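To start, the structure under review is shown below, and the notes come after it.
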Amino acid sequence: MSDLNVQLKNGAGIQLQSPVTVGEALKRLDRDAAKQALAARVNGRDVDLNFQLEAANSNGHIEIEPVLPQTQEGLGLLRHSTAHLLAAAVLDLFPGTKLGIGPPLLDDPRYGFYYDVIAPRPLTEADLPVIEKRMREIGKRNLAYRRDEIPKEEALRIFDEREEPLKRELIEEKGGDVVSVYYIDGTPFVDFCVGPHVTNSNRLRAFKLLTIAGAYWKGDPERPQMQRIYGTAFFNQEELDAWTKQREEAEKRDHRRLGRELDLFSIQDEYGQGLILWHPKGGMIRKQMEDYLREELLNHNYSFVYTPHIAKRELWQVSGHEQNYGDSMFSPTVLEDVEFRLKPMNCPFHIGIYKAQQRSYRDLPQRYSEMGTVYRAELSGTLHGLMRVRGFTVDDAHIFCRPDQVQTEIGDCLDFAYKVFRTYGFDKIKIELSVKGDDTTKNYLGRDEDWRSAEAALAEALDERGIGYERVEGEAAFYGPKIDIKIEDAIGRMWQLGTVQLDFNLPERFGLEYIGDDNKPHRPVMIHRALFGSIERFFGVLIEHYAGAFPMWLAPVQVAVLPITDRVNEYAERVARELRAAKLRVEVNTRGEKIGAKIRDAQLQKIPFMLVLGDREMEEGTLAVRERSRGDIGAMSLAQFREMARGLVETRAGANVAL
RNA sequence: GCCCGCGUAGCUCAGUGGUAGAGCGCCUCCUUGGUAAGGAGGAGGUCAUGAGUUCAAAUCUCAUCGCGGGCUCCA
């Protein structure tokens, strides 16, 4: 008798007699898929391969979809199971270890999974090889991953017996009347987990433990500090090797390393943590970045304002920064009994400029832009190279406009952002529209109808341009909705940079007004917008994006003139002078070295062009041109080279040449 | 701020209780060499800082500062 009508999703069907497991059913339907499958979805429910198919709760109709390798879902499962293997190894080696959680990670390319533990003694990186070795030993024993469904009370008893208070806490929070637990037979490991998992440890082969770090239980600094062991896993060794290589590539691009090697910037103890010293070469790049930005600001009819770094404490009380943001502000300093605080943001100053005179509806919009340097009291542990600092410059702008102008202004901000990011070679841009959520603890300001119309204006501006976006509920700031701009760099990492935010709060606090055509005062809308967010941070992103090989227009040194012998030094200087007259940034290398060494120096400095000059070139009045990524590209005249080089600079080309 | 690790020459690192080392870089000299490293010599270090243990500390202990990896935070 066959009581089960089993159907492969998008495939064959078969009649089977229960009891039978998904794995067995799958084997009858598609041997190949059965061999590969890690788990399966049965009538939409994720289950292990040894899940028993039953007629009772499916009317006999069963649809199976295998979870296969080379899918996001499959990878997540594999890593999740590897995390369990990790926990089993740790328990084996360090009895008495308390387990936290051990999820897979798919969004962060740096890691594949982690497990949070509290071991009887602090673990160090030196323990990782030992733990990894034990994981391999356990994996090779072909142990069963076994799922069990038991009453909640029994589960609590099990974890109490094992003195796993954190697991107990999780079960109490999340578990229903019946909870599922997973064992790895032959190990001390048992976990409260919904799964699914592989059914045998031999499926876990290509994995690696990476690092060990601190993590609070449930991310709460009030709760115990645990140790998080990070690792990653893949379906085979080749994938793991490829990932390892990619990781090394990312390490080579580290902006801190390149910043030193290319002499771009430094951060020195003596001057303070999180404070950047821009060296001449980094400074040249920054100048080009800022010049280009100012050029575009002019194109978009922004005006330029300049404001101080410090203001009376009272101002920050009026703006609300002190109440809402005070922890991130440097402490007040006193002069003649008046308190001052360094600015963490530029907005209140721009408001001051708006308020300096009475505004008519005809004057709007007012678009104030400033490279405004701000200071924030970031915790020492959060500082990171150029990415997280204590003093930085925002490519800031504030637009004061009428409600009917919001959509146009937002649209212009988007056009601006796309233009600029594309110039830098960021072709993949992701937009998030953050709107108000239901969470009443957030104390959203402004009327509901203002939120609705603002959100509509933002969405309309995006739709108008055919820009796809993700709507994120509850991510808006308390003072208004916003659009966040994220870009993907040359090796596929996402960076949150710019933001366009509506603000219902500050115009209110400062009592901003304009006189409308009805001769009555109205409240203007304020838009905050920054493209880079922070020039320092964006510079860091660029260094990694280009791997230090800046395109021609940004390169601090654009051309290295390399004389082969001292006889041509004078010719080399003449060439350099002429190129400098065309506003190219040129260095001549007259060191007593052979040409190979000079080329090597220039390559390592990632200078876009090298001009190799010897007797031949001097006699013929030519240049032997070498491009940093293509090598020798042949001889040309000085005029030819100058035109080509100028062309690259003026078009800001080559953003994608970096390798 | 919290947890773990680290701190030796400008950089990368070796040195585990007994007179501070290497490579690269830098300086000088020789070499004038045709597309990613020519040769020789030299300078350069209170071994992060402070205290302690010891006859003796770069080395062991403690504290402080800084850095790295995370967590937290991120208007």
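Just so we're clear, the structure is a prediction, and the values are computed from it rather than from any experiment. Throughout, a chain's letter reflects where its sequence line sits, starting with A, and its residues are numbered from 1.
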Side-chain N or O of [X] less than 4.0 angstrom from OP1 or OP2 on [N]?
X	N	answer
A:Tyr216	B:G70	no
A:Gln273	B:G66	yes
A:Arg260	B:U12	yes
A:Arg388	B:G68	no
A:His384	B:G70	no
A:Thr124	B:C4	no
A:Tyr271	B:G66	no
A:Arg228	B:C3	no

Return the value, rounded to whole Å, for the distance between atom [atom1] of [X] and atom [atom2] of [N].
X	N	atom1	atom2	value
A:Glu378	B:C2	CD	C1'	16 Å
A:Asp263	B:C26	CG	C1'	14 Å
A:Ile212	B:C2	CD1	P	19 Å
A:Leu210	B:G70	CG	P	10 Å
A:Gln268	B:C11	CD	C1'	14 Å
A:Asp601	B:G38	CG	P	9 Å
A:Glu593	B:U32	CD	P	14 Å
A:Glu620	B:G34	CD	C1'	13 Å

Which part of the nucleic acid, if any, lies within contact of [X], taking any heavy atom under 4.0 Å across all strands shown: a base, the sugar-phosphate backbone alone, or nothing?
X	result
A:Asn324	base
A:Gly381	base
A:Tyr114	nothing
A:Ala602	nothing
A:Arg616	base
A:Leu562	nothing

Checklist entry - Is A:Lys436 salt-bridged to A:Glu455, cutoff N-O under 4.0 Å? => result no

Checklist entry - Taking 4.0 angstrom as the limit, do A:Arg253 and A:Glu249 come out as a salt bridge? => result yes

The side chain of [X] lies closest to which of these nucleotides: [options]?
X	options	answer
A:Asp632	B:U35, B:A36, B:C26	B:U35
A:Tyr111	B:A36, B:G34, B:G69	B:G69
A:Arg567	B:G69, B:U32, B:U35	B:U32
A:Leu379	B:A37, B:G70, B:G1	B:G1
A:Asp566	B:U32, B:G1, B:C2	B:U32
A:Thr382	B:G38, B:G1, B:U35	B:G1
A:Gln225	B:G1, B:G33, B:G70	B:G70

Please measure how far the [atom1] atom in [N] lies from the corresponding atom in [M], and state the result in whole Å.
N	M	atom1	answer
B:A43	B:G23	P	14 Å
B:C26	B:U19	P	33 Å
B:C30	B:A37	P	24 Å
B:A20	B:A9	C1'	11 Å
B:C24	B:A36	C1'	15 Å
B:G44	B:A22	C1'	15 Å
B:G7	B:U59	P	11 Å

Checklist entry - Are the ring centres of A:Phe504 and A:Trp451 closer than 6.0 Å? => result yes

Checklist entry - Can you check whether A:Phe609 and A:Phe641 have ring centres sitting under 6.0 Å from each other? => result yes

Item to check | Side-chain (A:Arg341) to main-chain (A:Phe330) donor-acceptor, under 3.5 angstrom | outcome: yes

In the structure I gave you, are the side-chain heavy atoms of [X] and [Y] within less than 4.5 Å of one another anywhere?
X	Y	result
A:Thr124	A:Ile212	no
A:Phe532	A:Leu497	no
A:Trp278	A:Glu536	yes
A:Ile101	A:Trp217	yes

Checklist outcome for this item: Answer for the Watson-Crick or wobble partner of B:U64, both distances under 3.5 Å, is B:A48

Next on the checklist: Suppose we call a contact any N or O donor and acceptor under 3.5 Å apart; does that hold for the side chain of A:Arg626 and the base of B:U35?
Outcome noted: yes

Checklist entry - Is any N or O donor-acceptor pair between the side chain of A:Glu617 and the base of B:G34 shorter than 3.5 Å? => result yes

Item to check | Along RNA chain B (nearest heavy atom to each residue), the more 5'-positioned of A:Met226 and A:Lys594 | outcome: A:Met226

Checklist entry - Starting at the 5' end of RNA chain B, which residue's closest nucleotide do you reach first, A:Gly385 or A:Lys218? => result A:Gly385

